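Below, chains carry the letters A, B, ... as their sequence lines are ordered, and counting in each starts from 1. Computed from a predicted model, the values in this text were never measured in an experiment.
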Amino acid sequence: MPELPEVETIRRSLAPLLTGRVITAARFLSPHAADHQPAELAARLAGARITGLDRLGKHLLLRLDSGTLDIHLRMTGKLLWNAAPGPHARALLELDQGLLVFDDIRQFGRFRWWPPGVVPPGLGPDALDLPFEGFAARLHARRGRLKAVLLDQSVLAGLGNIYVDEALFLARIHPLTPAARLGPVRLERLYAAIQEILAEALAAGGSSISDYVDASGERGAFQDRHQVYGRTGKPCSHCAAPIRRIVVTQRGTHFCPACQRR
DNA sequence: CGGAGCCCCTGTAAGC
DNA sequence: TGCTTACAGGGGCTCC
């Protein structure tokens with residue numbers, strides 16, 4: 001599932017290809033793909049010039065001279081450059097040079113339009129662009145458990161299920177620890193762990209569990225370095241205790257019961 | 001405010 | 001073998 005490292009990988013590869021191009025036509029092959037009337041959005045996009053490609057959390061922000069197209073890939077969404085549309089193609093952006101195919105098996109992904117100057121609401125600062133002091137203040141303002149708080153995109157944007165579990169393991173902190181109860185030592189360890197995990201995942205081109213590929217169809221490599229995610233029952237790389245899986249806010253949560261004590 | 005539960009989706013895997 | 005069911009989860013929603 002595309003989280004910050006995967007979305008940033010896509011952004012970096014597509015930005016030079018898309019910037020300066022003109023959308024000659026937008027086609028929605030599934031009504032689920034647009035948060036608006038598909039015909040309305042298609043009409044709005046046609047003729048727009050792309051001025052850049054930004055990212056905030058897991059959102060890709062296609063900057064146009066007329067506004068912003070906010071693309072969220074959710075679970076199985078892919079943006080494929082110059083690919084032949086397959087059976088799960090949900091939208092096409094035809095450019096004056098090139099074709100961008102939005103492919104999405106489970107159809108959770110969405111295109112949403114924002115007028116010029118509007119930023120997607122409900123998102124906290126990007127996880128890669130949040131200084132330690134801000135991170136500490138935002139966590140201390142929350143009363144929930146760390147797993148839930150770190151997944152909350154209004155606290156910080158970009159972390160999903162994989163990287164929250166991996167960061168908590170690296171920081172040796174139990175996912176059910178109340179966020180507000182972290183002292184300075186564990187807070188710093190968690191902050192550093194998040195930065196390290198995101199940087200390493202980005203350098204590896206992201207994680208491909210089942211569906212994720214970048215705009216060229218390439219898989220990431222970071223799934224081979226997951227320490228806890230998807231490793232239920234397997235030995236912890238640090239202490240060999242079996243990795244445990246619990247459910248927190250409806251999400252599978254993986255941790256080492258020995259290294260990450262309550 | 002927090003948390004539980006449901007929903008949207010569909011491919012895959014497990015169970016009978 | 002073939003059918004049915006459970007499960008995966010980001011985020012929006014309601015209800016308590």
Side-chain angles (χ1 to χ4, degrees), chain A residues 1-8 10 28-36 38 55-61 70-79 85-91 102-114 119-124 126-127 137-168 174-182 198 201 206-213 219-220 222-223 226 228-234 243-255:
Chain A
M1 52 238 70
E3 304 179 25
L4 189 154
E6 291 77 28
V7 179
E8 178 62 14
I10 294 168
F28 289 94
L29 311 177
S30 162
H32 293 294
D35 252 1
H36 315 263
R55 182 191 55 77
L56 178 55
K58 305 172 195 171
H59 294 243
L60 271 172
L61 303 173
D70 177 357
I71 301 175
H72 200 305
L73 301 173
R74 298 277 182 97
M75 296 295 300
T76 56
K78 306 171 189 175
L79 286 176
H88 301 114
R90 310 301 185 192
F102 173 57
D103 184 283
D104 188 13
I105 293 175
R106 292 184 218 178
Q107 305 205 77
F108 287 151
R110 294 286 183 276
F111 282 18
R112 182 155 190 178
W113 169 267
W114 300 107
V119 295
L123 292 179
D126 191 84
R138 299 181 81 82
L139 258 63
H140 276 161
R142 290 309 200 96
R143 283 183 301 160
R145 304 166 293 183
L146 270 179
K147 171 78 180 200
V149 170
L150 293 174
L151 280 178
D152 188 335
Q153 302 297 297
S154 71
V155 174
L156 75 170
L159 295 181
N161 213 34
I162 295 173
Y163 297 113
V164 168
D165 284 3
E166 293 297 322
L168 286 170
H174 195 287
L176 295 180
T177 307
R181 210 175 294 168
L182 281 188
L198 292 178
S207 302
S208 294
I209 302 296
S210 56
D211 295 286
Y212 168 73
V213 292
R219 290 166 57 84
F222 196 66
Q223 66 279 2
H226 290 173
V228 288
Y229 185 85
R231 299 193 69 250
T232 310
K234 294 180 179 168
I243 298 301
R244 183 173 296 168
R245 181 184 185 277
I246 58 175
V247 174
V248 185
T249 47
Q250 311 294 105
R251 299 289 176 260
T253 298
H254 314 74
F255 67 103

Review point. If you measure from the ring centre of A:Phe108 to the centre of the six-membered ring in the base of C:dG9, is it under 5.5 Å, with the planes under 30° apart?
Key: no

Might you point out which heavy atoms bring [X] and [Y] nearest each other, and give the distance in Å?
X: A:Ala89; Y: A:Leu29; result: O-CD1, 3.5 Å
X: A:Ile162; Y: A:Glu3; result: N-OE2, 2.9 Å
X: A:Lys78; Y: A:Val213; result: CD-CG2, 3.7 Å

Check your understanding: Does a side-chain N or O from A:His88 land closer than 4.0 Å to OP1 or OP2 of B:dT10, or not?
Key -> no

Check your understanding: So does A:Gln250 get a side-chain nitrogen or oxygen closer than 4.0 Å to the phosphate oxygens (OP1/OP2) of B:dA4?
Key -> no

Round to a whole Å and report the spacing from [atom1] of [X] to [atom2] of [N].
X: A:Lys147; N: C:dG9; atom1: NZ; atom2: C1'; value: 10 Å
X: A:Gln153; N: C:dC13; atom1: CD; atom2: P; value: 15 Å
X: A:Asp104; N: C:dG9; atom1: CG; atom2: C1'; value: 13 Å
X: A:Leu150; N: B:dG3; atom1: CG; atom2: C1'; value: 16 Å
X: A:Ile246; N: C:dA8; atom1: CD1; atom2: P; value: 13 Å
X: A:Met75; N: C:dC7; atom1: CE; atom2: P; value: 15 Å
X: A:Tyr163; N: C:dG10; atom1: OH; atom2: C1'; value: 15 Å
X: A:Arg112; N: C:dG10; atom1: CZ; atom2: C1'; value: 15 Å

Of the listed nucleotides [options], the one nearest the side chain of [X]:
X: A:Arg74; options: B:dC6, C:dG12, B:dG3; value: C:dG12
X: A:Ile105; options: B:dG11, B:dG3, C:dG9; value: B:dG11
X: A:Gln107; options: B:dG3, C:dG10, B:dT10; value: B:dT10
X: A:Arg106; options: B:dG11, C:dG9, C:dG10; value: C:dG9
X: A:Tyr229; options: C:dG10, B:dG11, C:dA8; value: C:dA8
X: A:Arg245; options: C:dA8, C:dG10, B:dC6; value: C:dA8

Check your understanding: 5'-most contact on DNA chain B: A:Arg110 or A:Arg145, nearest heavy atom basis?
Key -> A:Arg145

Practice item. May I ask you to verify whether the side chain of A:Arg251 and the base of C:dG10 hold a donor-acceptor pair under 3.5 Å? Key: yes

Review point. With respect to A:Asp152, which candidate in A:Arg143, A:Lys147, A:Arg142 satisfies the salt bridge (charged side-chain N to carboxylate O under 4.0 Å, His left out) definition?
Key: A:Arg142

Exercise for review: May I ask you to decide if the ring planes of A:Phe222 and A:Tyr163 are parallel, tilted or perpendicular, using 30° and 60° as cut-offs?
Suggested key: tilted

Check your understanding: So what does A:Gly144 hit on the nucleic acid, given a heavy-atom distance under 4.0 Å: a base, only sugar-phosphate, or nothing?
Key -> sugar-phosphate

